[in-house]
Amino acid sequence: MDKNEKVNELARRRGFLWPAFELYGGAAGFFDYGPLGAPLKRRIEDIWRQFFVIQEGFAEIEAPTIGVEGIYQASGHLSGFSDPLTSCKECKEIYRADHLIKHIVEVPDALTNEEIYRTIQENEIGCPECGGELSTVYEFNLMFKTMIGPGNKMTGYLRPETAQGMFINFPRLLRHFRDSLPFAAVQIGKSYRNEISPRQGVIRLREFTQAEAEIFIDPRDKTHPRFAEIKEIKMKFYSQAAQETGTEEEMTFGEAVERGVVAHQMLAYYVARTYQFLLAVGVSPDKMRFRQHKADEMAHYAADCWDAEVFLDRLGWIEIVGVADRTDFDLKAHAATSKVNLSVFVHYDRPKKRQKIVVKPDFKALGPRFKGKAKAVAEALKALPPEKLQGDKITVLVDGESIEIEPSLVSCETVEEEVRGEEIIPHVIEPSFGIDRILYTVLDHSYYEDAVDGETRAVLRFKPAVAPIEVAVLPLMDREELIVPAKKILEELRIRGLRVDWDTSGSIGRRYRRNDEVGTPYEVTVDYETLELGTVTIRDRDSMQQVRVAIEEVADTLQSLLSGKVKFLEAGTLVVPAKEK
RNA sequence: GCGGCUGUGGUCCAGCGGUUAUGACAUGGGCUUCCCAAGCCCGUAACCCGGGUUCGAAUCCCGGCAGCCGCACCA
């Protein structure tokens, strides 16, 4: 068994990840989070909230997972996310139908599926592999389609990303943030993509969890006020240029922006925050890098994009987070499709004075002469550039009719005007996290094996902040006199809000191993010294060392250990193992 | 979606036309004042699903589903 298999097997056996619908034969691309997987995922999400909602002050919202058609017309997912396919009736091979007629039709995208099929027939195009006859063209869209309400009146789609929920709430979010930039909204939730062939467990799912932030910024100012805080952090950058040579470059964020490796502070800052978050949940820095998208792989909406990639045994480098500069693509698209203005009025620091020529048509004269058309003529006059108002005759075009007017009917005036600001469409920086992939990475990067007395010990070295079980309380033996004080400790720890497990089954060594395997950082053992001296032992998962502390202090000590305030060997008196005595 | 390989208790595996379906580990109960998967006793627990061939199918054939590997796909 290689490591990947071991991790998967452990995850299945111990209740982290279960293939879904097993009772009914299963379906690829769906997983259940078991009793340990669900809290692990929840804790990862909570750390994400800590970083992006609490520390950055972003607003968390929750939008429906089913969206109406208009959203995905605007976002490009209806057209860009779906491909016209055709298959060979002989060898069953599947092709992109539009690709087959590229050399005949200049813009195959503009054709309907029927038209593409007709083109294939008219030009007698056969299967490129075997020459067989091709089937009619059908649409394969990666979005799950459903119906809203009875009948077929309204089409709904399961959202392929959470991002659109933030974009379409832009006007309300803007108001929430009192009409000023920058601001950001986030969502953690399920997204759905009907993948053609999902594989590799939780790496490619049909239903998955995303955590996305949409940070709306003023496009003219891509600096970040807190850039100084992250600028000394060093990380592995794998830029477009570096990919030519195939070696990542280690440098600070400050250097990366100075050298133009990362386009601007805004993008760099969120790449850095992403990096810090991934470290916090337990992704190994040695097996992580940030790779810049190449120009040709950039998504249809992105101007620049940096992916956090992690190295997984057998799978290689896998993308787990994308941090993209989506520019104003989405807001512009939604503004155009919905016909709602999605710009922000940005005030200047100081109102600007501007000279402006105001054209004043003489309505008293124009009215009687042009009657109903007078207004249109006046508008046309106002629209003319100042130089056209000179000369003997002024010519305007109204409803295709050329009309001549003598200059005396129009007066021009130069006025000084105060301009207080301007309408802009914000740009969007989007860090987009694949929670399932991150969780799998945490499992993979936490997995260790060491040898204890010639036996292999499997350990998940979770950070205490993500461990599904933080403490196990273990009576040395399953005996009444040890169980009573142990239960008291269990209750107290639970009242403190710790995630505690209780286990009396099997020898103490067996119970330590069981907990090592699910990543429990600390075990409290109640033994006969507890009865004599009122102390218990706390065992450290990684070093397997034990310290003794008084019963009254055990809850405080554990909390200090879990939060990292106290080092293990300083938490109590080191216990010398029996065989060394 | 195509092709190849695979599918037996929770896990790993034996059985390859007739067995009360083998075993190990894990797990539950009991014994053992027992700090790193010890020992002994007892127990729970499986042939992926559906058809077919056959007197008889876990075993052979077909289809489905799932997993792995290649190809394609991955906005």
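Note on naming: letters A, B, ... go to the chains in the order of the sequence lines (proteins, then strands), and numbering restarts at 1 for each one.
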Student check: side-chain heavy atoms of A:Arg479 and A:Tyr528 closer than 4.5 Å: yes
Nearest-Å distance once atom P is located in both B:G39 and B:A46: 26 Å
Pairing nucleotide - B:G28, Watson-Crick or G-U, each distance under 3.5 Å: B:C42
For B:U22, the Watson-Crick or wobble partner whose two distances fall under 3.5 Å: none
Polar side-chain contact A:Arg511-B:C36 base: donor and acceptor under 3.5 Å: no
Short side-chain N/O contact to B:C35 OP1/OP2 from A:Thr537, under 4.0 Å: no
Donor-acceptor pair (no angle test) under 3.5 Å: A:Tyr24 side chain, B:C49 base: no
Any A:Arg510 side-chain N or O less than 4.0 Å from OP1/OP2 of B:A38: yes
Rounded C1' spacing from B:C65 to B:G51 in Å: 14 Å
A:Glu195 (side chain) and B:C74 (base): donor-acceptor pair under 3.5 Å: no
Parallel, tilted or perpendicular, as decided by the 30° and 60° cut-offs, for the rings of A:Phe568 and A:Tyr522: parallel
C1' gap between B:G23 and B:A66, integer Å: 26 Å
Separation of the P atoms in B:C48 and B:G15, to the nearest angstrom: 15 Å
Watson-Crick/G-U partner (both atom distances under 3.5 Å) of B:C35: none
OP1 or OP2 of B:A38 under 4.0 Å from side-chain N/O of A:Ser507: yes
Pair A:Tyr448, A:Asp542: side-chain N/O donor-acceptor within cut-off below 3.5 Å: no
Same-atom distance (P) from B:A26 to B:G17, integer angstrom: 34 Å
Pairwise P distance, B:C40 and B:A24 [rounded to whole Å]: 11 Å
Watson-Crick or G-U wobble partner of B:C71, both distances under 3.5 Å: B:G1
Whole-Å C1' distance, B:G56 and B:G18: 7 Å
Complementary nucleotide for B:C16 - Watson-Crick or wobble, under 3.5 Å: none
Who pairs with B:G9 - Watson-Crick or G-U, where each distance is under 3.5 Å: none
Presence of donor-acceptor pair under 3.5 Å, side chain of A:Arg199 and base of B:G70: yes
N/O (side chain, A:Arg314) to phosphate O (OP1/OP2, B:C69) under 4.0 Å: yes
Criterion ring pair (Phe, Tyr, Trp, His ring centres under 6.0 Å) on A:Phe433 and A:Trp48, from CA distance to verdict: CA-CA 9 Å; A:Phe433 294 69; A:Trp48 194 89; 5.6 Å; yes
Integer angstrom distance from the P of B:C60 to that of B:G7: 9 Å
